[in-house]
Amino acid sequence: MIIDKNENITIITQEKATIVELVKKLQSLYPKFKNDNIIITLTSLKKLVLEDITEFLQISNTHRATKHSFVIVTNNLDLNSVPEELIVVPTIQEAYDIIEMEEMERDLGF
């Protein structure tokens, strides 16, 4: 797991461990980046199934409830099958775009 910080965005890149291990690490390290927008990059993982992505549901809901963005980046999954509660995009640029749009919506009171 690689953690990079860019202003108010924390980018977490998963390289080798399983999704379950990643989610456990995220939960234990969460206080370090709870005030940032979070991008989870899973593009290096070749085989993903819907159950892998839904592992992030609880932490995503918790984080989004505090008015911060939580975006998962992967191009190895059918994005139409992802639950509406999760935001999953195919590129890192789209993740930045989602965060920018959500910040504008929060600034406008939505």
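Note: hydrogens, waters and symmetry copies are ignored here, and every other heavy atom, side chains too, is used.
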Checklist line | Partners passing salt bridge (Lys or Arg N to Asp or Glu O under 4.0 Å) against D52 (at least two apart in sequence or in another chain) | finding: none
Notebook entry, point to check: Pairs in or reaching into residues 84-104: which pass ring-ring contact (aromatic ring centres under 6.0 Å, His included), with residues at least two apart or in two chains?
Noted result: none
Check: Is there a side-chain contact (heavy atoms from CB on, under 4.5 Å) between T10 and D4 once you walk through the steps?
Finding: CA-CA 6 Å; T10 297; D4 293 314; over 6 Å; no
Do the side chains of [X] and [Y] join up, straight or via other hydrophobic residues, at under 4.5 Å, putting them in one cluster?
{"X": "L48", "Y": "V89", "result": "no"}
{"X": "F56", "Y": "M1", "result": "yes"}
{"X": "M101", "Y": "F70", "result": "no"}
{"X": "I38", "Y": "L86", "result": "yes"}
{"X": "V82", "Y": "I92", "result": "no"}

Note to self: Surrounding CD of Q58 (heavy atoms of other residues, nucleotides or ligands, distance under 6.0 Å), is the total greater than 12?
What the structure shows: no
So, taking the atom named [atom1] in [X] and the one named [atom2] in [Y], what distance separates them when rounded to the nearest 0.5 Å?
{"X": "T13", "Y": "I40", "atom1": "OG1", "atom2": "CD1", "value": "8.5 Å"}
{"X": "L22", "Y": "E15", "atom1": "CG", "atom2": "CD", "value": "11.5 Å"}
{"X": "K5", "Y": "I12", "atom1": "NZ", "atom2": "CD1", "value": "10.5 Å"}

For residues 71-80, which side-chain donor-acceptor pairs fall under 3.5 Å, sequence neighbours excluded?
| unit_1 | atom_1 | unit_2 | atom_2 | d |
| --- | --- | --- | --- | --- |
| T74 | OG1 | N76 | N | 3.1 |
| N76 | ND2 | L45 | O | 2.5 |
| D78 | OD1 | N80 | N | 3.2 |

Next item on the list: May I ask you to test the P83-L50 pair for a side-chain heavy-atom distance under 4.5 Å?
Entry: yes
Item checked: Minimum heavy-atom distance A95-I39, with the two atoms named -> CB-CD1, 3.8 Å
Check: What pairs of residues pass the side-chain hydrogen bond (donor to acceptor under 3.5 Å, both in side chains) test when at least one of them lies in residues 99-110, not counting sequence neighbours?
Finding: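 Pairs touching residues 99-110 that pass the test: N8-E103, N37-E103, N37-R106, R64-E102, S69-E102, S69-R106.
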Next item on the list: Could you list who else is in M104's hydrophobic cluster, with ILVMFWY side chains joined at under 4.5 Å, directly or through other members?
Entry: none
Next item on the list: Assess whether side-chain contact (heavy atoms from CB on, under 4.5 Å) is satisfied between H68 and D36, documenting all intermediate values.
Entry: CA-CA 7 Å; H68 293 92; D36 292 342; 5.9 Å; no
Margin query: Under a 3.5 Å distance rule, please check whether T54 uses its side chain to pair with a backbone N or O of L57 as donor and acceptor.
Written below: no
Distance-only criterion, 3.5 Å: show the donor-acceptor pairs between side-chain atoms of residues 23-35 and protein atoms not counting sequence neighbours.
| unit_1 | atom_1 | unit_2 | atom_2 | d |
| --- | --- | --- | --- | --- |
| S28 | OG | K25 | O | 2.9 |
| Y30 | OH | H63 | ND1 | 2.7 |

